**Student:** 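One structure coming up, written as structure tokens, with questions to follow.
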Number of protein chains: 2
Amino acid sequence: MWLRPERPPRDRRLEREQIVGVAVAILDAEGHQGLSMRRVAAELGVTAGALYWYVANKNEMLELALDAVLGEVQVPDPDMDWRQALAALAHSHRRMLLRHPWVLTDLTAQPNLGPNALALTEAGLTILAGAGFADADLDAALAAVNDHVIGAVAAELAWRATMRTAETGPGEWLEQAEGYLRRIRENHPMLARRMAATSDVDVHTESERRFAFALDCLLDGLAARLRRR
Amino acid sequence: MWLRPERPPRDRRLEREQIVGVAVAILDAEGHQGLSMRRVAAELGVTAGALYWYVANKNEMLELALDAVLGEVQVPDPDMDWRQALAALAHSHRRMLLRHPWVLTDLTAQPNLGPNALALTEAGLTILAGAGFADADLDAALAAVNDHVIGAVAAELAWRATMRTAETGPGEWLEQAEGYLRRIRENHPMLARRMAATSDVDVHTESERRFAFALDCLLDGLAARLRRR
DNA sequence: ACCTGAACACCGTTCAAGT
DNA sequence: ACCTGAACACCGTTCAAGT
């Protein structure tokens with residue numbers, strides 16, 4: 001995908017950039033479900049087949065869309081403290097994923113070697129190398145932070161999805177859920193207590209709190225390893 | 001989904017269990033791409049429409065499949081040390097996700113309140129409560145570990161996918177990749193060094209090493225918080 | 001109660017033919 | 001060089017009609 005240069009223009013009616021822009025807009029608004037080649041084409045006033053002039057297939061379009069939004073992640077000021085810099089990078093990464101929830105699905109399924117993805121990796125490596133990590137530990141340390149971002153956002157989105165289904169089927173759902181949840185509570189005492197305590201928290205702020213909590217644990221662990229060398 | 005009991009049998013030719021079994025088998029073998037209602041039905045010697053007697057739609061079938069494989073995660077011996085127990089749970093979780101790579105996609109998109117999912121949460125909470133965590137920190141600690149598992153497996157699968165495309169397009173890919181990668185190396189010195197060092201490692205063992213590394217960092221951080229109380 | 005068969009409204013992708 | 005139009009081989013879902 002990233003190997004082949006874009007065709008030189010001549011009678012072009014379209015650009016890759018426009019196609020990707022429309023794709024991202026649709027994905028943001030309606031998720032993967034709403035995205036089809038025909039839909040993107042229609043939005044651009046063109047036939048579905050025309051897209052295949054610019055893009056090999058739908059998958060390639062997704063790869064482009066993915067790298068486009070990866071470009072939104074802000075690389076922190078290089079002369080910050082490494083912990084602050086890494087935390088800032090992680091938070092910016094998280095915010096981007098929450099703006100474009102469909103990205104998570106792609107991240108696991110697609111190889112991801114676009115320019116923005118690589119630039120982000122370079123930024124992370126630079127911060128951690130400056131902190132004192134090297135060799136395999138350098139890779140592992142960056143992976144640890146990135147994995148946390150991905151996992152935390154995945155959990156946050158799943159939580160949101162659950163709340164959404166609970167809200168949309170108001171009468172029926174809660175009514176029947178009552179019986180199911182009661183049985184759950186009986187067999188799962190810990191869960192029951194946590195559910196009671198968590199029932200009225202704001203998903204957004206609580207997710208953010210948990211994100212920062214785990215990130216801090218992780219950075220503590222990384223800092224400890226640095227001292228031990 | 002989990003609220004409504006299964007219909008009582010009479011002239012049944014099918015069971016939910018069979019449908020889910022076939023679905024999981026297809027997903028394991030061919031991923032989400034290979035799964036269709038028509039395909040599942042054919043495998044069971046039945047028409048696509050028949051499935052809708054047992055299952056409201058494809059999504060519900062996926063919810064069932066997801067919870068089924070969550071049942072494969074082994075809950076550790078309750079009188080283990082909390083760190084060991086949590087690590088064991090995380091490793092078992094990871095192995096399950098690697099056996100069923102399609103699960104990751106579902107985890108982010110679907111609310112996930114099946115019995116096996118809840119039982120796993122209960123197990124994690126029990127371990128961490130035994131260690132001394134309580135209230136919001138208890139939730140955050142469990143989320144931290146779970147998020148790491150999800151994120152790490154996502155990264156591992158993406159890495160594998162990259163290796164696969166590099167291998168399948170042998171002549172053409174590597175040839176054109178050469179130019180792209182050279183440009184990358186010039187602009188991204190850190191990345192260039194890590195790529196050179198990582199080019200001949202085994203993805204599987206290195207992923208496992210990184211997984212254990214980050215998990216250890218995380219558990220160190222959690223243990224430190226426990227001491228501070 | 002459970003399943004079939006056919007239909008509806010979609011997909012991604014290909015490819016001759018046009019300009 | 002770039003796009004259309006039509007076709008191919010699929011989808012998920014619904015629903016009358018059968019047993």
Side-chain angles (χ1 to χ4, degrees), chain A residues 1 4-24 26-27 29-66 102 105-106 109-110 165 168-169, chain B residues 1 4-24 26-27 29-66 102 105-106 109-110 165 168-169:
Chain A
M1 160 81 256
R4 193 161 18 93
E6 194 169 8
R7 275 172 208 275
R10 227 186 67 176
D11 312 330
R12 283 242 203 79
R13 263 212 301 269
L14 262 43
E15 304 271 350
R16 268 197 181 168
E17 231 179 291
Q18 299 176 52
I19 296 176
V20 175
V22 171
V24 168
I26 295 175
L27 286 166
E30 306 174 37
H32 271 102
Q33 219 194 66
L35 187 76
S36 72
M37 299 303 271
R38 287 171 151 96
R39 172 81 187 279
V40 172
E43 217 112 332
L44 291 163
V46 102
T47 316
L51 298 179
Y52 288 85
W53 185 257
Y54 299 88
V55 136
N57 47 39
K58 192 183 182 181
N59 230 316
E60 203 172 281
M61 192 175 76
L62 282 171
E63 278 185 70
L64 290 166
L66 187 140
W102 50 272
T105 311
D106 293 354
Q110 306 234 349
T165 59
T168 43
Chain B
M1 160 81 255
R4 192 161 21 90
E6 194 169 9
R7 273 174 210 274
R10 226 184 68 175
D11 313 330
R12 282 242 203 82
R13 274 224 279 282
L14 261 46
E15 303 271 350
R16 269 196 182 168
E17 232 180 290
Q18 298 175 53
I19 295 176
V20 175
V22 170
V24 169
I26 294 174
L27 287 164
E30 305 172 38
H32 271 102
Q33 217 193 65
L35 187 75
S36 73
M37 299 303 270
R38 287 171 151 95
R39 172 82 186 279
V40 172
E43 216 113 334
L44 290 164
V46 103
T47 316
L51 297 179
Y52 289 84
W53 186 258
Y54 298 90
V55 137
N57 49 38
K58 192 183 184 184
N59 231 315
E60 203 172 281
M61 192 174 76
L62 282 172
E63 277 185 70
L64 290 167
L66 187 140
W102 49 273
T105 311
D106 293 354
Q110 308 236 346
T165 59
T168 42

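Predicted model, so just to flag it, every value in this text is computed and none were measured. Heavy atoms only: backbone and side chains are in, while hydrogens, waters and symmetry mates are out.
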**Student:** What heavy-atom pair brings N57(A) and V55(A) nearest, and what distance separates the two atoms?
**Tutor:**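 Answer, listing the atom of N57(A) first, then V55(A): O-CG1, 3.0 Å.
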
**Student:** Could you name each residue pair satisfying salt bridge (Lys or Arg N to Asp or Glu O under 4.0 Å) that touches residues 40-59 of chain A, not counting sequence neighbours?
**Tutor:** R39(A)-E43(A)

**Student:** May I have the distance from E60(B) (atom CD) to dG12(D) (atom C1'), rounded to whole angstrom?
**Tutor:** 14 Å

**Student:** Expressed as a whole number of Å, how far does the P atom of dA9(C) sit from that of dA9(D)?
**Tutor:**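 Comparing P positions in dA9(C) and dA9(D) gives a spacing of 22 Å.
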
**Student:** What distance separates L64(B) CG from E17(B) CD, expressed to the nearest 0.5 Å?
**Tutor:**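 Interatomic distance, L64(B) CG to E17(B) CD, rounded to 0.5 Å: 11.0 Å.
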
**Student:** Between dT4(D), dT13(C), dG12(D), which nucleotide gets closest to the side-chain atoms of K58(B)?
**Tutor:**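 Nearest nucleotide to the side chain: dG12(D).
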
**Student:** Starting at atom CE of M61(B), determine the distance to atom C1' of dC11(D), rounded to an integer number of angstrom.
**Tutor:** 13 Å

**Student:** How close do W102(A) and H32(A) get, heavy atom to heavy atom, and via which atoms?
**Tutor:**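 Nearest pair, atom of W102(A) first, then H32(A): O-CE1, 3.2 Å.
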
**Student:** Can you list the steps and then say if L62(B) with L35(B) is a side chain to side chain contact (heavy atoms under 4.5 Å, CB included)?
**Tutor:** CA-CA 10 Å; L62(B) 282 172; L35(B) 187 75; 3.9 Å; yes

**Student:** Which atom names give the shortest non-hydrogen contact between Y54(A) and R16(A), and what distance separates them?
**Tutor:** O-NE, 3.1 Å

**Student:** Nearest whole angstrom, please: distance from the P of dG12(C) to the CG of N59(A).
**Tutor:** 12 Å

**Student:** Work out which heavy atom in A65(B) is nearest to a heavy atom in L27(B); give both atom names and the distance.
**Tutor:** CB-CD1, 4.4 Å

**Student:** State which residues pass side-chain hydrogen bond (donor to acceptor under 3.5 Å, both in side chains) with N59(B); sequence neighbours excluded, sorted by chain then number.
**Tutor:** Q110(B)

**Student:** Which comes earlier along DNA chain C counting from the 5' end, the contact point of A48(A) or that of T47(B), where each point is its nearest nucleotide?
**Tutor:**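 Result of the comparison: T47(B).
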
**Student:** In whole angstrom, what separates Y52(A)'s OH from dT14(C)'s P?
**Tutor:** 7 Å

**Student:** Taking OH from Y54(A) and C1' from dC3(D), how many angstroms apart are they, rounded to a whole number?
**Tutor:**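 It is 8 Å, rounded to the nearest whole Å.
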
**Student:** Looking only at heavy atoms, which two atoms of M61(A) and V40(A) are closest? And how far apart?
**Tutor:** CE-CG2, 4.0 Å

**Student:** Which residues in residues 30-40 of chain B have a heavy atom closer than 4.0 Å to any atom of DNA chain D?
**Tutor:**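 By residue number: L35(B), S36(B), M37(B), R38(B).
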
**Student:** Reading DNA chain C 5' to 3', what string of ( ), [ ], | and . shows its pairs, if Watson-Crick and G-U wobble pairs count only when both distances fall under 3.5 Å?
**Tutor:** ||.|||||...|||||.||

**Student:** How many whole angstroms separate atom CH2 of W53(A) from atom P of dG18(C)?
**Tutor:** 17 Å

**Student:** Rounded to whole Å, how long is the line connecting atom CG of L51(B) with atom P of dC11(D)?
**Tutor:**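 These atoms are roughly 13 Å apart.
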
